[in-house]
2 protein chains.
Amino acid sequence: MGNAPKERRTAKERTVDRVYAEVREQILAGTWGPESRLTEEMLAERYNVSRTPVRAALHKLASDGFIEMIPRAGAVVRARTLAEAIEIYDVRSLLESEAAGLAARRRSEEEVATLYKIADEMEAIAEKSGQVPALSQLNQELHHLILRASRNRTLEESALRLIDIGFVINTYTNFRRTDMARTLADHRALIQAIEAQDEIWASSVMRAHIATTRNALKSTMRP
Amino acid sequence: MGNAPKERRTAKERTVDRVYAEVREQILAGTWGPESRLTEEMLAERYNVSRTPVRAALHKLASDGFIEMIPRAGAVVRARTLAEAIEIYDVRSLLESEAAGLAARRRSEEEVATLYKIADEMEAIAEKSGQVPALSQLNQELHHLILRASRNRTLEESALRLIDIGFVINTYTNFRRTDMARTLADHRALIQAIEAQDEIWASSVMRAHIATTRNALKSTMRP
DNA sequence: CGAAGGGCATTTGGATCCAATAAAGAAAAG
DNA sequence: CTTTTCTTTATTGGATCCAAATGCCCTTCG
């Protein structure tokens, strides 16, 4: 097994993946809000590629729940109603609280250290600039890491799917100054529970944490 | 709103959907077992279509967890290890027991009647012929209907995804004669609980039902 | 006889071309 | 002036063509 694959990292990124990532980024950033029409030709021109990879990227985005493909009409960014958003958070609560419990049992020392590092960074940013994109990014990393630590890839993938589409909804609602203190406190308790390998504590805090976030939606979303 | 859309049901099925459905069918039926190589050209020839819709179908199958796309090599039917299979059942247990509880609260009378009808049919078939494909089909319908009755589409979709790939694993393991009686009894209790709108009963039976199925895997799968 | 290197075949990824369809707009009739 | 129908246009779906990459086999050299 002594073959050196000569940096397969450099394996030129497929353009379909690039387009997928870019469009996804734009949707998450809110550049293209709900109901925005995304035509294959427009995107192809914008990214200087042919329609083929754009089509593949759009289908993947649709399968991941970010957009909706109208049979022979076009693709629109999927609008979520308040009811749908709440549903998503309910299921997340179920999956992520289970993951938190498993993570408490199975986490490594290194993972605990990384979790603390992320929490520290979030607190530093919240105190200084309060930059929402940076906070959102770190928050996502924290949740991902806990899912990873559960050592259950099926659970991880199921929850990730929901977290991603959830971020379309909540990026700018969850990080209001009033909710921030609570979020940071939740994170700290969560990490302590995982460090202490207390499954019930960890899953309970996660359940409460997500329920709080879910509740914040009710005041910010109208439909 | 008086426009009659003139039977849009007849809107000629897209070939990509047809190919997706057919290949999926073959995988579920076991015609193409784990590790089978599926090349675009082979499928294109077999279904008399070009490679374009085949490619789209394969990507969708990959995103749904049925196959694995090796970057520039080909697509192979995904093999599940015992550990993965158990993971899938663990998450299913979580999601479907929640769904059963919600279904108990929200089910309509009509849904209860349909559930009983399915259970009756399964018992009849089990007693007479014991046809595995028919039983599997009905079993799947029963689970789908309960998910539907939960009135939570996010929960429904998350669970469905897992049920589908689960069926790649278990179609021929879950319906051995020894386990059949237990399965049928579980179903009947489940429906009674849902009819009685007893959430705790319903979710408990579902949890036990899936755990039993999960356990059967251990004796039939080897890795 | 063994190992290494290069060429060839297989297979996917991307571009372009053509067909089908649905919506919108224009024109004609009542 | 309104309504209906026909035509045009915008946009996706499918087919074909070309490029790139990967793995395998054969050849050649040590």
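The separation between Met69(B) atom CE and dT12(C) atom C1' is 8 Å, rounded to whole Å. Taking atom NE2 of residue His59(A) and atom C1' of nucleotide dT12(D), one finds them 8 Å apart after rounding to whole Å. Atoms OH (Tyr20(A)) and P (dG13(C)) sit 17 Å apart, rounded to a whole Å. Distance, Arg14(A) CZ to dA21(D) C1': 13 Å, rounded to whole Å. Spacing between atom CG of Leu58(A) and atom P of dT12(D) amounts to 8 Å, rounded to whole angstrom units.
Between the side chain of Ser150(B) and the backbone N or O of Leu147(B), at least one donor-acceptor pair lies under 3.5 Å. In this structure, the side chain of Ser97(A) engages the main chain of Ser93(A) through a donor-acceptor pair within 3.5 Å.
Leu142(B) CG to Ile146(B) CD1: the interatomic distance, rounded to the nearest 0.5 Å, is 4.5 Å.
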Using atom types as modelled, flag every donor-acceptor pair under 3.5 Å from a side chain in residues 22-32 of chain B to any protein atom, sequence neighbours excluded.
unit_1, atom_1, unit_2, atom_2, d
Arg24(B), NH2, Asp164(B), OD1, 3.4
Arg24(B), NH2, Asp164(B), OD2, 2.8
Gln26(B), OE1, Thr31(B), OG1, 3.1

Distance-only criterion, 3.5 Å: show the donor-acceptor pairs between side-chain atoms of residues 37-44 of chain B and protein atoms not counting sequence neighbours.
unit_1, atom_1, unit_2, atom_2, d
Arg37(B), NH2, Ala73(B), O, 3.1
Thr39(B), OG1, Met42(B), N, 3.2
Glu40(B), OE1, Arg51(B), NE, 2.9
Glu40(B), OE1, Arg51(B), NH2, 3.0

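A heavy-atom distance below 4.0 Å to DNA chain D is reached by none of the residues of residues 40-47 of chain B.
For the ring pair (Phe, Tyr, Trp, His ring centres under 6.0 Å) test, no residue two or more places apart in sequence or in another chain qualifies with His59(A).
Listed by first and then second residue, the salt bridge (Lys or Arg N to Asp or Glu O under 4.0 Å) pairs involving residues 131-148 of chain B are Arg148(B)-Glu156(B) (not counting sequence neighbours).
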Could you run down the sub-3.5 Å N/O contacts of the protein with nucleotides 15-18 of chain D?
unit_1, atom_1, unit_2, atom_2, d
dA15(D), OP2, Ser50(B), N, 2.9
dA15(D), OP2, Ser50(B), OG, 2.7
dA15(D), O5', Ser50(B), OG, 3.4
dA15(D), N7, Thr52(B), OG1, 2.7
dT16(D), O4, Thr52(B), OG1, 3.3

Could you give me the CA-CA distance, side-chain angles and deciding distance for Arg153(B) and Glu157(B), then say whether salt bridge (Lys or Arg N to Asp or Glu O under 4.0 Å) is met? CA-CA 6 Å; Arg153(B) 283 188 59 84; Glu157(B) 282 168 27; 3.3 Å; yes
